[in-house]
Amino acid sequence: MIFTESLRKNQQFQICYKNGKSYGSKLFVMYVLENGTDRNRIGISVSKKVGNSIVRHRVKRLVLENYRLQEKMFNSGLDIVVIARPGAATASFVEVERALMFLGNGLNIIKK
RNA sequence: GACGCAGAACAGGUGAUCGCGGCUGUCGCAAGACAGGUGAGGAAAGUCCGGGCUUCGCAGGGCAGGAUGCCGGAUAACGUCCGGUGGAGGUGACUCCCAGGCCAGUGCAACAGAAAAUUACCGCUUCGGCCACCGGCCGGAGUAAGGGUGAAAAGGUGGUGUAAGAGACCACCGGCCGUAUGGUAACAUGCGGGCCGUGUAAACCCCAUCCGAAGCAAGACCAAGCAGAAGGGUUAAGGUCUGCCCGACCGUCCUUCAGGUGGGUCGCUUGAUGCGGCCGGUAACGGUCGCACUAGAUAGAUGAUCACCCCGGAGCGCAAGCUCUUAGACAUAACCCGGCUUAUCGUUCUGCCGAACAC
RNA sequence: AGGGCUAUAGCCAAAUGGUAAGGCAGCGGAUUCUGAUUCCGUCAUUUGGAGGUUCGAGUCCUCCUAGCCCUG
């Protein structure tokens with residue numbers, strides 16, 4: 001991914017939760033915060049309640065793959081945190097794509 | 001043939017496009033770019049055992065504690081595996097079993113029952129006395145066959161015997177002791193004696209064997225950075241060995257508050273390794289020869305889309321086949337091995353069984 | 001990585017291997033003109049699941065399943 005790094009430290013997640021804007025759908029909750037750089041940072045959080053290791057890993061990959069394919073459509077300079085809800089365990093690639101577009105439009109971070 | 005039993009292997013495949021982590025090569029001061037090749041499992045899981053490895057005051061002894069528990073073997077070791085013995089199940093192939101010791105000691109056995117371990121309620125027999133028609137009552141002695149209770153009642157069944165009975169005696173069965181034979185042993189079989197305090201050690205416990213502790217966030221090195229203060233103990237207290245004691249070593253240690261870092265390299269994958277042949281062994285396994293190198297991430301790399309084949313499901317059809325649908329089960333390495341346990345859609349192969357079913 | 005705890009009626013929970021206490025709630029009844037209070041009665045067929053030891057397991061043993069906690 002050209003414009004994007006990943007969020008790693010718990011502290012960065014906490015800052016995003018505290019100060020960022022949030023929007024939710026059936027599958028995911030998204031937090032967005034401007035980070036003051038020209039690059040995006042994305043963090044994906046999948047809790048144990050969603051499923052076992054296989055399921056959690058798959059959800060993470062689906063979200064990351066979708067973001068990668070749609071990367072150019074997003075505004076830059078953002079910290080994005082995506083939290084999976086239990087319904088995401090059985091979601092397909094297309095369903096994840098729709099959910100992410102819906103959340104992006106709701107937070108006004110998609111380029112027209 | 002189907003069903004069944006045992007064992008082994010596999011865990012969708014191929015192609016195209018986009019994408020990720022190591023490795024190698026080329027270019028580049030560097031960041032990085034390009035190319036090639038490589039990249040999860042039978043359980044990677046649960047973390048239930050065992051070992052390697054590393055560190056610790058690396059020495060040592062005892063108690064406590066824990067684990068194992070028929071016999072023999074395999075192994076680095078094991079609670080694992082293999083072969084036997086005994087018991088249980090099945091027609092059978094075969095499968096299952098924490099299977100030492102209540103004649104060392106202590107404890108427990110509710111309710112019922114006379115009695116739950118040196119028992120006698122209802123009974124049975126006999127002797128004496130009294131009342132006296134058959135017979136009954138009281139007392140003494142013998143006895144444990146029968147009844148009833150219970151999960152379990154002092155060997156069982158049948159007979160001899162007797163006043164009534166009793167392993168008192170006899171036959172068979174069971175158990176114990178001794179002995180002989182076979183077997184490395186557990187044990188089996190035979191002979192003789194002879195009938196003896198029930199069950200529970202997944203109750204405490206006894207006996208035999210084994211166990212130092214912690215864990216790759218172990219541990220080693222490099223770089224960067226900071227600031228100390230207060231209180232307490234101080235020759236018997238402390239020093240990462242879970243507890244206690246002895247012994248030996250060190251010379252300051254502990255608590256609270258405050259401050260700094262939270263980066264990198266190694267450990268890190270060549271190993272009790274895998275595959276194949278031959279030899280030894282009933283087997284587990286061992287020896288030897290040849291070939292192979294097959295993930296090493298560090299918030300943690302394998303995914304997505306499309307097409308075809310295969311598999312599963314549904315419909316049509318005598319069948320061949322066609323159409324539609326679904327992308328599959330369980331489950332993601334984190335120092336490494338040997339096991340165990342648990343989850344799992346299915347497919348294939350090998351050997352075996354014969355009660356019932358079909359031909 | 002290492003270690004510990006819990007699971008019993010809708011909720012809170014007790015029980016030495018021997019009849020699954022008790023309270024709250026619910027339901028039915030009594031008392032009252034009606035309601036509250038009070039009193040009586042009722043409510044576990046699977047003690048988280050599977051197997052074993054035992055004459056007999058909530059309890060003892062083994063293996064699982066959930067949930068929670070501690071240390072680094």
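Naming convention: chains lettered A, B, ... in sequence-line order (proteins, then strands); numbering from 1 in each chain.
- Closest to the Ile54(A) side chain, of the nucleotides A304(B), U332(B), A301(B), is U332(B).
- Both distances falling under 3.5 Å, in either a Watson-Crick or a G-U wobble arrangement, place A6(B) opposite U350(B).
- The gap from the C1' atom of C177(B) to that of C196(B) amounts to 10 Å, rounded to the nearest Å.
- In this structure, Ile54(A) is not a member of the same hydrophobic cluster as Phe93(A), with clusters built from ILVMFWY side-chain heavy atoms closer than 4.5 Å.
- One C1' atom belongs to C81(B), the other to G286(B), and the distance between them is 15 Å to the nearest Å.
- Pairing of A213(B), defined by two Watson-Crick or G-U wobble distances under 3.5 Å, is identified with U55(B).
- Using N1 to N3 plus N6-O4 or O6-N4 for Watson-Crick, or N1-O2 and O6-N3 for G-U wobble, each under 3.5 Å, A307(B) pairs with U14(B).
- Proximity note for His57(A) (side chain, C-beta onward) versus G303(B), U332(B), U305(B): the nearest is U332(B).
- Across all strands shown, nothing is found opposite U19(C) as a Watson-Crick or G-U wobble partner with both distances under 3.5 Å.
- Nucleotide C63(C) has G49(C) as its partner under the Watson-Crick or G-U criteria, with both atom distances under 3.5 Å.
- Under the 4.0 Å criterion applied to side-chain N and carboxylate O atoms, Glu65(A) and Arg68(A) are assigned as salt-bridge partners.
- With a 4.5 Å cut-off on side-chain heavy atoms, Tyr23(A) and Val29(A) do not count as touching.
- Picking from C18(B), A304(B), U302(B) the nucleotide with the shortest atom distance to the side chain of Arg58(A) gives A304(B).
- Pairing for C137(B) goes to G129(B), judged as Watson-Crick or G-U wobble with the two contacts each under 3.5 Å.
- Judged by distance alone with a 3.5 Å cut-off, a donor-acceptor contact links the side chain of Glu65(A) to the base of G303(B).
- Side-chain proximity of Ser53(A) to U332(B), U305(B), C18(B): nearest is U332(B).
- Look at the P atom in both C335(B) and G13(B): the space between them is 30 Å, to the nearest Å.
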